[in-house]
2 protein chains.
Amino acid sequence: MMTEAHRRKKQPIELRQHLLDAAAALSVRAGVGNLRLDAVAGAAGVSKGGLLHHFPSRQALLEALCEECLRRNDSRIEAELAADPVAPGRFSRAYLAVMTGIEVTEQERIWGLLSVVLFAEPEFRDRWGRWLAAHLARHAETDQALFLDVVRLAADGLWLADMSGENTDPTRRNAIVAHLRAMTLNGREAP
Amino acid sequence: MMTEAHRRKKQPIELRQHLLDAAAALSVRAGVGNLRLDAVAGAAGVSKGGLLHHFPSRQALLEALCEECLRRNDSRIEAELAADPVAPGRFSRAYLAVMTGIEVTEQERIWGLLSVVLFAEPEFRDRWGRWLAAHLARHAETDQALFLDVVRLAADGLWLADMSGENTDPTRRNAIVAHLRAMTLNGREAP
DNA sequence: GACACGATACCGTCCAGTCGGTATGTTTTG
DNA sequence: CAAAACATACCGACTGGACGGTATCGTGTC
C-alpha cells in the first residue's frame with residue numbers, strides 16, 4: 001500500500017534542499033561521522049529510498065553538503081564585496097563581516113556550524129584551503145598586508161569561538177569586531 | 001595458537017600510549033567518526049582484545065583521546081607560563097606560543113591536528129570552551145585587554161590555518177607570529 | 001598461583017546500498 | 001487531443017558486510 005506521500009505535489013528541488021538542511025542539522029548535532037541516512041531521510045519527511053534517489057550514496061550526500069557549505073559562504077562574501085565602496089582591505093572586511101555576522105535564521109546558524117564540523121574531513125580542509133587561497137590571490141592588490149592577515153586570522157578565531165559555544169558577552173564581542181573592522185580601514189590598531 | 005607476541009616483554013603503559021597515538025593518527029587521517037577499533041589495534045601492533053583490555057569501549061577510547069589532548073595542551077601552556085618573567089599578557093603569550101609553536105615530532109603534529117578533528121564532537125567543544133574560560137578567569141589580572149583578545153583569536157586562526165594545510169610561506173608566517181607576540185608586549189600594534 | 005596482560009573466536013546489531021515496485025509528470029505518436 | 005510510451009520521483013523490504021562488544025583461553029610477571 002503506497003501511502004499518500006505519492007500523491008503530494010512533487011517538488012524534487014525543494015526536497016533536495018530539505019535533505020541537505022536536515023543532513024546539516026544532524027551533522028552539527030552529532031558530527032559527520034554519526035550521520036545516518038535513515039535519520040536524514042526521516043528528518044526531511046521522506047524514505048531512505050527517496051534520499052538515495054537524490055544522492056546515490058552517502059559519500060555523494062556528504063560531498064553535496066560540502067559543496068553547499070562553500071557555495072553559501074561564497075555568495076555571502078560576494079554580496080559584501082559588492083556593497084563595499086572602499087577598495088583597500090575590501091576582501092578582509094567582507095571576510096570579517098561574513099565570519100562574524102549574526103545569523104538570523106536557525107538554519108543559517110546551522111550552516112555556519114557545519115563548517116567547523118566538516119573540518120573533521122580532510123578532503124574538506126583541502127577544499128577550504130584552496131578556496132581561501134584563490135580568493136586571496138584574486139584580491140592581492142587590495143588585501144596584501146600584515147595587519148590584514150591578522151584581522152582575517154582573528155576573524156577565524158572569533159568564528160571558531162562562537163561555534164564552540166563560548167559565550168563571551170556580546171558587548172565585548174562587538175567591541176572586538178568593531179576593533180578589527182577599524183583595523184581594516186586604518187591600517188593599524190586603534191588605541 | 002598464540003603467536004610470539006605473547007613472548008615479548010609486557011609494557012602495559014607503553015602500549016596504552018601507543019594505542020592513543022595510533023588512535024590519534026587514524027582520527028586525523030579520516031575523522032573521528034571513521035575510527036575503527038581493529039585499525040587502532042592493528043596500528044599499535046596488538047589485537048582488538050588487547051585494545052579492549054585497556055579501553056573497555058570505543059567511547060572510553062575517545063574520551064581518553066580527548067583527555068590526553070587537553071592534558072598535552074595544558075602541560076605545554078604551563079611550561080610556557082613558568083618560563084616567562086614578564087607579567088602583563090603572560091597567558092596570551094603562552095597561548096600564542098603553544099598554538100603556533102612548531103611541532104618537532106610528527107606525533108606532536110598529529111596531536112595538534114587532533115584538536116581540530118575533535119571539534120566535530122560537540123562534547124569536546126564544550127570541554128574546550130570550559131578549559132579556556134577557566135584559564136582566562138585565572139589570568140584575568142594579567143590578560144584582560146581587547147588587544148590580547150585579538151592576539152589569542154588570531155593565534156586560533158593561525159593554528160586553524162596551519163592545520164588545514166594552507167602553506168603560507170614560512171617567513172610571512174613568522175612575521176605574523178612575531179607581530180602578535182610584540183602586541184602582547186607593547187599593548188598595541190607595531191607599525 | 002594469582003593476577004594482569006594479551007590473543008582468538010564468535011555473536012548481535014546496525015546500517016549503507018540494492019531491488020522491485022508504484023505513482024506522477026512529460027513527450028511522442030497515431 | 002487522446003493514449004501510449006517513457007521518464008522521474010519516491011517507497012519499503014531485504015541483505016550482506018562491517019564493526020563493537022563478549023567470552024574464553026594462553027602467557028608472562030610478581
Side-chain angles (χ1 to χ4, degrees), chain A residues 1-27 29-66 117-118 120-121 123, chain B residues 1-27 29-66 117-118 120-121 123:
Chain A
M1 170 64 64
M2 296 297 104
T3 66
E4 69 283 0
H6 276 125
R7 207 138 303 156
R8 78 147 176 256
K9 199 140 182 261
K10 300 201 170 175
Q11 308 174 331
I13 7 140
E14 286 82 351
L15 176 56
R16 198 191 133 92
Q17 193 57 48
H18 272 71
L19 285 166
L20 284 176
D21 285 341
L26 290 173
S27 296
R29 193 158 354 184
V32 207
N34 300 343
L35 190 66
R36 308 293 165 219
L37 295 192
D38 310 13
V40 176
V46 85
S47 75
K48 203 169 66 171
L51 162 63
L52 284 162
H53 175 72
H54 289 275
F55 306 97
S57 77
R58 185 190 138 93
Q59 185 60 25
L61 174 64
L62 291 185
E63 274 167 23
L65 210 59
C66 168
V117 175
L118 281 179
E121 240 67 16
E123 187 210 350
Chain B
M1 174 62 61
M2 298 295 104
T3 66
E4 71 282 3
H6 275 128
R7 210 140 299 155
R8 78 146 175 258
K9 204 148 181 245
K10 294 196 176 179
Q11 308 175 334
I13 6 143
E14 285 82 350
L15 176 57
R16 198 192 131 92
Q17 193 57 49
H18 273 68
L19 286 166
L20 284 177
D21 284 342
L26 290 173
S27 297
R29 192 160 355 184
V32 206
N34 300 344
L35 190 67
R36 308 291 165 219
L37 295 190
D38 313 17
V40 176
V46 85
S47 75
K48 203 170 66 168
L51 163 62
L52 283 163
H53 175 72
H54 289 274
F55 307 96
S57 77
R58 183 190 139 94
Q59 185 59 26
L61 174 64
L62 291 185
E63 274 166 23
L65 209 59
C66 169
V117 175
L118 282 178
E121 240 66 17
E123 185 210 351

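Bear in mind that the values here come from a model prediction, so they are computed numbers and not experimental data. Note that these values count all heavy atoms, side chains included, but never hydrogens, waters or copies made by symmetry.
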TODO: Indicate, with a heavy-atom threshold strictly under 4.0 Å, whether A:L51 touches base, sugar-phosphate, or nothing.
DONE: nothing
Between CG of B:L19 and C1' of C:dC5 the distance, given in whole Å, is 12 Å
Rounded to whole Å, CZ of B:F55 lies from C1' of D:dG20 at a distance of 16 Å
Under-3.5 Å N/O pairs linking protein and nucleotides 13-17 of chain D:
none

Rounded to the nearest 0.5 angstrom, the OG-CG distance for A:S57 and A:L51 is 10.0 Å
Contact check, residues 31-42 of chain A vs DNA chain D, heavy-atom distance under 4.0 Å, returns none
B:L20 and B:A64 have their tightest heavy-atom pair at CD2-CB, 4.0 Å
One should read off an interatomic distance between B:L52 CG and B:R58 CZ, to the nearest 0.5 angstrom, of 12.0 Å
One should read off an interatomic distance between B:H54 NE2 and B:L15 CG, to the nearest 0.5 angstrom, of 4.0 Å
For A:S27 and A:V117, the nearest pair of non-hydrogen atoms, with its separation, is O-CG1, 3.8 Å
Rounded to whole Å, CG of A:L52 lies from P of D:dC11 at a distance of 11 Å
Residue pairs passing the salt bridge (Lys or Arg N to Asp or Glu O under 4.0 Å) test with at least one member in residues 31-53 of chain A, sequence neighbours excluded, are A:D38-A:K48
Between the CZ atom in A:F55 and the CG atom in A:L37, the distance rounded to the nearest 0.5 Å is 11.0 Å
Taking five pairs at each terminus, the helix from C:dG1-D:dC30 to C:dG30-D:dC1 shows an axis bend, to 10°, of 10°
The reported gap from CD in A:E63 to CD in A:E121 (rounded to nearest 0.5 angstrom) is 10.5 Å
Atom CZ of A:R58 and atom C1' of D:dA18 are separated, to the nearest Å, by 13 Å
Atom CZ of A:R16 and atom C1' of D:dA9 are separated, to the nearest Å, by 14 Å
Sorted by chain and number, sequence neighbours left out, salt bridge (Lys or Arg N to Asp or Glu O under 4.0 Å) with A:E123 holds for A:R127
Donor-acceptor pairs under 3.5 angstrom involving side-chain atoms of residues 40-47 of chain A: please list them, not counting sequence neighbours.
unit_1: A:S47; atom_1: OG; unit_2: A:G49; atom_2: N; d: 3.4
unit_1: A:S47; atom_1: OG; unit_2: A:G50; atom_2: N; d: 3.2

d(B:L61 CG, B:R16 CZ) to nearest 0.5 Å is 9.0 Å
Distance below 4.0 Å between B:H54 side-chain N/O and C:dG6 OP1 or OP2: yes
Rounded to whole Å, CD of B:E14 lies from C1' of C:dG6 at a distance of 15 Å
Report yes if a side-chain nitrogen or oxygen of A:H53 is closer than 4.0 Å to either non-bridging phosphate oxygen (OP1 or OP2) of D:dA9; otherwise report no.
yes
